[in-house]
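Reviewing the structure listed below.
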Amino acid sequence: MNPAHADWRSLYPFRCKSADIDGFRMNYVDEGEGPPLLLVHGNPTWSFFWRSMISGLKDRYRVIVPDLIGHGLSEKPDHRRYEYRLKRRVTDIVRLVEHLNLERATLIAHDWGGGVGMGAAVAMPDRFARFVLMNTAAFRAPTCPWQIHLVHIPGFGQVAVQGLNLFVKHALNSTVAKPERMTAAVRAGYAAPYDSWANRVSVYRFVQDIPLKPSHPSYETLLNIENGLSQFRSFPVCLVWGMQDWCFSPWFLRRFQEIYPQAEAHEIHDASHYILEDAHEQVVPIVERFLQNHPI
């Protein structure tokens with residue numbers, strides 16, 4: 001066994017469960033007891049991203065961390081069997097919430113987990129009570145990084161992402177402000193689920209599903225989520241941002257502050273997109289205090 005492979009397993013010591021979500025197997029971590037916290041990752045991460053949050057909060061909360069279909073340890077169906085669209089991913093989280101019968105849950109989301117998780121909240125607002133959002137979005141943006149545009153190029157994008165694994169590799173090298181924290185074991189953990197063309201189908205389809213124009217199949221889904229965000233203006237909201245993020249830049253933080261003027265915001269100036277790699281020592285206590293200050 002590759003030593004780095006063994007090391008990443010030691011960084012992820014959680015017992016996994018699975019749920020049948022409309023015929024597809026979804027892996028999830030379910031640790032601890034207490035008020036439920038639902039942690040939703042983006043692309044190309046998986047529940048491994050949340051390991052410091054799980055360890056830091058499971059002694060007082062029930063921490064539920066799914067791997068989106070096609071990601072992490074969940075089933076990775078071919079795109080002809082599973083529609084890799086925002087609407088379907090939102091429905092998957094709705095089904096998981098229903099399966100676990102979660103009530104008054106706290107959503108904690110990162111990257112496109114924000115769009116997926118907030119989509120579920122908009123679909124079932126009575127099931128959610130608090131929100132923690134970090135380096136994410138749930139609305140349209142005026143611009144898109146050039147790296148995302150490249151992946152949308154027909155032919156090239158699929159070869160680059162599914163064939164050469166460039167999206168995962170680029171993420172490992174460009175999402176932290178403190179590269180020394182991306183040890184061999186950490187890098188192996190992030191990359192482990194995406195070790196073949198077939199296992200990278202969701203990584204590619206996720207980027208392809210970012211709606212860059214109104215004609216995109218997921219544009220209306222994202223617009224409906226965006227239009228539904230304002231109903232949570234009376235809810236406790238915590239925004240935690242790695243300010244060196246080139247993808248979900250500080251512009252996204254300011255947009256959330258416009259939508260949620262009641263939110264408390266924490267700017268982590270020495271952190272980038274993978275904020276928990278750069279600053280978990282700061283972020284986990286921030287989230288813990290927020291939860292304590294807004295009990296449910």
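These numbers come from a predicted model, not from an experiment. Each residue takes its place number in the sequence, starting with 1.
- The closest donor-acceptor contact from the side chain of Ser74 to the backbone of Asn27 lies under 3.5 Å.
- Hydrophobic clustering places Leu212 together with Trp112 (ILVMFWY residues linked when any side-chain heavy atoms are closer than 4.5 Å, directly or through intermediates).
- Cluster annotation: Leu100 is connected to Met124 through the hydrophobic network of ILVMFWY side chains, with a link wherever side-chain heavy atoms come within less than 4.5 Å.
- Taking the centre of each ring, Tyr274 and Tyr190 come in below the 6.0 Å mark.
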If you apply the rule side chain to side chain contact (heavy atoms under 4.5 Å, CB included), what do you find for Cys16 with Val29, and how did you get there? CA-CA 5 Å; Cys16 292; Val29 173; 4.3 Å; yes
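- Without hydrogens or angle criteria, Ser55 side chain to Ser52 main chain gives no donor-acceptor distance under 3.5 Å.
- To the nearest 0.5 Å, atom CZ of residue Phe235 and atom CG of residue Leu229 are 12.0 Å apart.
- With rounding to the nearest 0.5 Å, the separation of CD1 in Ile64 from CG in Leu37 is 8.0 Å.
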Run the side chain to side chain contact (heavy atoms under 4.5 Å, CB included) check on Phe24 and Arg81 step by step: do they pass? CA-CA 10 Å; Phe24 296 97; Arg81 296 179 52 229; 3.5 Å; yes
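- Going from atom OG1 of Thr136 over to atom CE of Met118 covers 9.5 Å, rounded to the nearest 0.5 Å.
- Rounded to the nearest 0.5 Å, atoms CG (Leu222) and CD1 (Ile210) are 10.0 Å apart.
- Across all their heavy atoms, Trp197 and Gln162 have their closest contact at O-NE2, 2.9 Å.
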Is there a salt bridge (Lys or Arg N to Asp or Glu O under 4.0 Å) between Arg254 and Glu267 once you walk through the steps? CA-CA 11 Å; Arg254 305 305 175 215; Glu267 300 180 5; 2.9 Å; yes
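- Here the side chains of Arg85 and His216 are in contact, with some heavy-atom distance below 4.5 Å.
- Tested against Glu277, the residues Arg181, Lys178, Arg51, Arg187 include a single salt bridge (charged side-chain N to carboxylate O under 4.0 Å, His left out) partner, Arg51.
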Applying side-chain hydrogen bond (donor to acceptor under 3.5 Å, both in side chains), run through Asp209 and Ser218 and close with a yes or a no. CA-CA 7 Å; Asp209 194 47; Ser218 289; 2.5 Å; yes
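- Annotation: side chain of Asp7 is not in contact with side chain of Thr183 (no heavy-atom distance under 4.5 Å).
- In plain terms, the two heavy atoms of His71 and Asn43 that are nearest each other are NE2-OD1, 2.8 Å.
- Residue pairs meeting the side chain to side chain donor-acceptor pair (under 3.5 Å) criterion with at least one member in residues 121-134, sequence neighbours excluded, are Thr106-Arg130.
- The two residues Val122 and Asn224 come nearest to each other via the heavy atoms CG1-O, 4.4 Å.
- Judged by distance alone, the side chain of Glu31 and the main-chain N or O of Val63 form no donor-acceptor pair under 3.5 Å.
- No donor-acceptor distance shorter than 3.5 angstrom exists from the side chain of Trp251 to the backbone of Thr143, with no hydrogens or angles considered.
- Counting heavy atoms from C-beta outward, Phe252 and Cys247 have side chains that stay 4.5 Å or more apart.
- Summarising the geometry of Met53 relative to Val283, their closest heavy-atom pair is CE-CG1, 4.2 Å, with the distance given to 0.1 Å.
- Placement of Leu166 and Val168 in two distinct hydrophobic clusters is found when ILVMFWY residues are connected by side-chain heavy-atom separations under 4.5 Å, directly or transitively.
- Take Asp92 and apply the side-chain hydrogen bond (donor to acceptor under 3.5 Å, both in side chains) test, not counting sequence neighbours, and it matches Tyr82, Arg88.
- Within a 6.0 Å sphere centred on NZ of Lys58, other residues, nucleotides and ligands contribute more than 12 heavy atoms.
- Across all their heavy atoms, Ile275 and Trp241 have their closest contact at CD1-C, 3.6 Å.
- In this structure the side chain of Gln282 reaches within 4.5 angstrom of the side chain of Asp270, judged on heavy atoms.
- No hydrogens or angles considered: a donor-acceptor pair under 3.5 Å links the side chains of His273 and Asp111.
- Hydrophobic clustering (side-chain heavy atoms under 4.5 Å, transitive across Ile, Leu, Val, Met, Phe, Trp, Tyr) keeps Leu86 apart from Tyr219.
- In this structure, Ile225 CD1 and Asn227 CG are separated by 10.0 Å, a value rounded to the nearest 0.5 Å.
- Interatomic distance, Ile21 CD1 to Leu68 CG, rounded to the nearest 0.5 Å: 11.0 Å.
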Pair Ile54, Val65 - check side chain to side chain contact (heavy atoms under 4.5 Å, CB included), show working. CA-CA 8 Å; Ile54 300 169; Val65 194; 3.7 Å; yes
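- Aromatic ring centres of Phe256 and Phe139: separated by under 6.0 Å.
- Between Tyr12 and Trp46, the gap from one ring centroid to the other is short of 6.0 Å.
- A donor and an acceptor atom, one from each side chain of Arg89 and Ser202, are located under 3.5 Å apart.
- Put simply, the side chain of Ser47 does not reach to within 4.5 Å of the side chain of Tyr28, judged on heavy atoms.
- Of the possible polar contacts, none joining the Gln262 side chain to the Val237 backbone as a donor-acceptor pair under 3.5 Å is found.
- Residues Phe206 and Pro44 have side chains not in contact (no heavy-atom distance under 4.5 Å, counting atoms from C-beta outward).
- The number of heavy atoms from other shown groups lying within 6.0 Å of CD (Gln231) is above 12.
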Could you please spell out the steps behind the side chain to side chain contact (heavy atoms under 4.5 Å, CB included) verdict for Asp78 and Val201? CA-CA 7 Å; Asp78 183 86; Val201 59; 5.7 Å; no
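- For the pair Cys238 and Ile108, the minimum side-chain heavy-atom distance is 4.5 Å or more.
- Shown here for Tyr194 and Gly70, the closest heavy-atom pair between the two residues is CE2-O, 4.1 Å.
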Evaluation steps, side-chain hydrogen bond (donor to acceptor under 3.5 Å, both in side chains), between Arg289 and Gln292: CA-CA 5 Å; Arg289 286 194 300 270; Gln292 291 173 345; over 6 Å; no
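- Residues Arg233 and Tyr260 meet the side-chain proximity criterion, which asks for heavy atoms closer than 4.5 Å.
- Residue Trp246 is not grouped with residue Leu276 when hydrophobic side chains (ILVMFWY) are merged at heavy-atom distances under 4.5 angstrom, including chains of intermediate members.
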